[in-house]
Amino acid sequence: MKTKLANGWPQLRLIVAGVILALAGCTDGDSVATGNGDADDDDEVVMPSLTTQIEHWEQTGVFLAAADCGQCHTASEPGDDPAVMRTPDPLVSENQPSPDGQDISPFYDWKSSVMANAFTDPYFRAVMMHETEVFPHLAGFIEDTCLTCHSPMARTHAHQTGVSLVQDESCLLEDGCYRADQALEDPSAREGISCTACHQITDSVLDEYVHSGDYEIVDENHPDAFTIYGPYQNPRGQAMQNQVGFTPEFGMHMGDSRHCASCHDLYTPTLDMVTDEPNGEVFPEQTPYTEWTFSDLGPDGANVSCQQCHMARAEISDSFQTRIAVMANGGVNLNWPERSPYFPHVMVGGNTWLLDTLELFREELGRADINEEGEFAATAELTREFLKTSADLVPANASYSGTELEFDLTITNNTGHKLPTSFPSRRIWVATRVTDSAGAVVFDSGFPDENYQLPMDAAFTSDACMAIKKPEGFDSSACYQPHINRVTAPEDIPIYEVVMGSTTNAITHVLLYASTSLKDNRIPPGGFDASDVPPEILPEGVDGDADFNLNNAGQDTIAYQLPIPESAVPPFSVESTLYYQSIRPTFVDAAHGEHPWIREFETIVSVNPPPAEVLAAATFIVGDID
C-alpha cells in the first residue's frame with residue numbers, strides 16, 4: 001500500500017528505531033549473535049567510544065539541562081515527612097508518598113529511560129549511518145531529519161539560530177542541516193528527549209495533525225519563549241522563574257496523545273529503487289497514534305491516552321497525590337499543592353534491549369557519571385513487566401482423536417495500537433511444544449535458539465535476501481514467513497510483523513527504499529475496523545484468514561492440527577509461548593557498513609543479541625483419560 005502527502009517529502013522527518021514504543025533486550029552476556037553481528041577472534045572488535053556525557057551544561061537558547069530541572073523536580077530526602085515523589089507504603093496509605101519510599105521523581109526516572117538515551121541508542125545510530133552510506137547524496141538531510149526527534153533540543157536550536165548548520169549537496173534544506181558529528185559534541189544533543197524539549201512543544205498539536213517531527217518550539221525572541229507547559233491547572237510559578245528563568249503554564253496538550261504523535265507517527269519518503277531519487281510517495285514507518293485513534297482505547301472509545309499507559313507505575317494509582325517539587329534547598333514547602341494524577345517519567349515501552357545494553361556498556365556509552373549501576377536494569381525489569389500486560393494467549397477447542405491433536409490458540413491484543421507497533425524491525429510469534437505422559441516431545445516449534453533466532457532466520461538472512469539491490473524479478477517470498485493461520489508442521493511458525501517492499505516490490509531492509517508492505521499481519525487493537533481506517537494502516541497478507549480481527553476484536557486465532565505418532569501416550573501437555581523481539585535477525589544483519597557507529601553496534605549485538613521477551617504463555621492438557 002502506498003501513501004502520498006501533499007506537502008512533499010523534504011518536509012518529512014525520518015526517525016528510525018530507538019524511541020518509546022519498543023526494542024527488546026537481554027542480559028545473557030555469553031551469547032554471540034550470528035550474521036554481521038559475529039565477533040570472531042580474527043575480527044576487529046570495535047567497542048563503544050562515546051565520551052562521558054555531561055549532566056550539567058550551559059543553557060542553549062531556550063533549552064536547559066535536565067539536571068537543572070532536577071534540582072527541584074526531585075524526591076524529598078529519605079525520611080523526610082511529609083515525603084515528596086516517593087512510592088507509597090501500602091500498609092500506611094496508597095495515596096501518599098512514604099518517607100522511605102523509592103525515588104520516583106521526574107529526573108530520577110527519566111535519566112534511565114529510553115527517552116533520555118534517544119541519541120545514545122547504538123541501534124538508532126547504526127541505522128542512521130547505514131542509510132547515509134546507502135544514500136551518500138542525501139546524508140545531510142537524513143542526519144538532520146533523524147536528529148529532529150532523537151536530538152530535538154540541539155537540532156531545534158541550530159535551526160532557530162543558524163549555528164552549527166552545514167550546507168552541502170547532501171542537504172536539501174535551505175538553511176542547512178544539523179549533522180551527527182556536531183551532535184556528538186553538543187551536550188544538548190546527547191541528552192536526547194529531555195525536559196525542555198517535551199515541555200516546550202506548543203499546543204499547536206491540538207490544532208492539526210502534527211507528525212514526523214513537525215512539532216513547534218518557539219525561539220527566544222517569541223513572546224511565549226521560556227514557557228514550560230505542564231498537565232496541572234494553576235501552577236505555582238515564582239520558584240521556577242527564580243531558579244531557572246522559565247514560567248510554568250497549564251497545557252492541555254501535555255496529557256493528550258497528539259503530543260506524542262508529533263514524533264511517534266512517522267512517514268518517511270520513498271526513494272525509487274532504480275534511480276535512488278524520491279518518487280513523491282511516503283511510507284508509514286510507524287503509526288501508533290493513528291492506530292490508537294481507531295481503537296477502543298482511542299478518542300471515540302475509552303480515550304486512554306499514551307501518557308496514561310506509558311507514564312505509569314504499578315504501585316502508583318490514579319488517587320496517588322504528591323507535591324511535584326521540593327525547594328532549592330531540598331526542603332518540602334507545605335504551601336505547595338499536592339497533585340493528582342501523578343505521571344512517573346520512567347516512560348516504559350518495549351525497549352529492554354537498549355536498557356540492558358546501556359547497563360552493560362554504561363561506562364563506554366558515557367553514562368557512568370549520570371546513572372548508577374543497576375538503574376538501567378531496574379527500568380528494563382519495569383519494561384518487561386509492562387510487556388506482559390500487552391497480550392493474552394488463550395487455548396480452546398482441544399481434542400485428541402487417537403492420531404491427531406487439535407486445539408486453537410487465540411492472541412488478544414490488549415494495547416491501543418498494533419501488536420507489535422512502530423519500527424518495522426519488530427516481530428511477535430507463537431512457540432508450541434507438546435509432550436506425552438512419558439515426557440517424550442511429540443511436537444516442537446518456534447522456540448528460539450541461544451541467539452534468539454528461529455530456524456528459518458538462516459534463510460531469511462541469506463545473501464540473496466539481504467542484498468540491497470535485488471535482480472529484476474526477484475522472488476521475495478523465500479525471505480519471510482507468510483501469514484500462518486493453521487499449524488500442521490514444526491515449520492509453521494505464526495509470525496506477526498511488517499515486511500517492507502521497495503518500488504520494485506522486492507523485500508528491503510533499507511528504510512528509504514520502503515514503498516509498500518509485502519506483509520503486515522500485526523494484530524490490530526480492539527475496535528479496529530478495516531472498513532474505516534486509512535489505507536496505509538490496513539493489514540496486508542491475511543487474505544483467507546476469516547478470524548483475523550474477527551468482529552474488530554483485536555484478536556487472531558491459530559488452528560493447530562498436529563499428527564501424533566502411534567508410540568505417544570496420552571494425555572498430552574501443551575506449552576505455548578507468545579514471544580516478542582524488537583530487532584529481528586534480518587534487521588541486525590541489515591545494519592552493516594564502515595562507519596564506526598555501525599561497527600559499534602555489530603560488536604554490541606555480538607555480546608548482547610536482541611532476545612525473545614515473553615508476552616504471554618498458556619499450558620494445558622489434552623486427551624486426559626477419564
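Just so you know, residue 1 is the first one in the sequence shown, and it goes up from there. Predicted model, so just to flag it, every value in this text is computed and none were measured.
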Do [X] and [Y] have side chains that get closer than 4.5 Å, going by heavy atoms?
X: Leu419; Y: Ser390; result: yes
X: Pro248; Y: Gln238; result: no
X: Ser212; Y: Asp265; result: no
X: Gln71; Y: Val326; result: no
X: Val346; Y: Leu382; result: yes
X: Arg339; Y: Gln321; result: no
X: His211; Y: Leu266; result: no
X: Glu277; Y: His137; result: yes

Do we see a donor-acceptor contact under 3.5 Å between the side chains of [X] and [Y]?
X: Thr421; Y: Glu291; answer: yes
X: Tyr229; Y: Asp224; answer: no
X: Ser170; Y: Asp168; answer: yes
X: Thr270; Y: Asn279; answer: no
X: Gln102; Y: Tyr108; answer: no
X: Ser305; Y: Gln308; answer: yes
X: Thr322; Y: Glu338; answer: no

Under the 6.0 Å and 45° cation-pi test, does Arg323 pair with Trp336?
-> no

For His150 and Phe124, what are the C-alpha separation, side-chain angles and deciding distance, and is it a ring pair (Phe, Tyr, Trp, His ring centres under 6.0 Å)?
-> CA-CA 9 Å; His150 282 264; Phe124 155 68; 3.5 Å; yes

Which heavy atom of [X] sits nearest a heavy atom of [Y], and at what distance?
X: Glu191; Y: Gln53; result: CA-NE2, 3.6 Å
X: Pro534; Y: Phe294; result: CD-CE1, 3.3 Å
X: Arg362; Y: Asn371; result: NH1-O, 2.7 Å
X: Phe119; Y: Ser151; result: CD1-OG, 3.4 Å

Just wondering, more than 12 heavy atoms not from Glu372 lying within 6.0 Å of its CD?
-> no

Considering residues, nucleotides and ligands other than Asp318, do more than 12 of their heavy atoms fall under 6.0 Å from its CG?
-> no

Students often mix this up, so state it plainly: with edges at 30° and 60°, are the rings of [X] and [Y] parallel, tilted or perpendicular?
X: Tyr289; Y: Tyr209; answer: parallel
X: Tyr232; Y: Phe343; answer: tilted
X: His310; Y: His417; answer: parallel
X: His345; Y: His199; answer: parallel

Distance in Å, [X] [atom1] paired with [Y] [atom2], rounded so as to fall on 0.5 Å steps:
X: Thr161; Y: Asp219; atom1: OG1; atom2: CG; value: 9.5 Å
X: Glu359; Y: Leu365; atom1: CD; atom2: CG; value: 11.5 Å
X: Thr132; Y: Glu143; atom1: OG1; atom2: CD; value: 5.5 Å
X: Thr287; Y: Trp292; atom1: OG1; atom2: CH2; value: 13.5 Å

Is the distance between the SG atoms of Cys260 and Cys306 less than 2.5 Å?
-> no

Pairs flagged by disulfide (SG to SG under 2.5 Å) wherever residues 163-227 is involved - sequence neighbours left out = Cys171-Cys177

Residues Asp144, Arg155; criterion salt bridge (charged side-chain N to carboxylate O under 4.0 Å, His left out); working and verdict = CA-CA 7 Å; Asp144 184 279; Arg155 191 268 178 190; 2.7 Å; yes

Evaluate salt bridge (charged side-chain N to carboxylate O under 4.0 Å, His left out) for Arg179 paired with Asp181, printing each intermediate quantity in order.
-> CA-CA 6 Å; Arg179 302 299 299 267; Asp181 286 345; over 6 Å; no

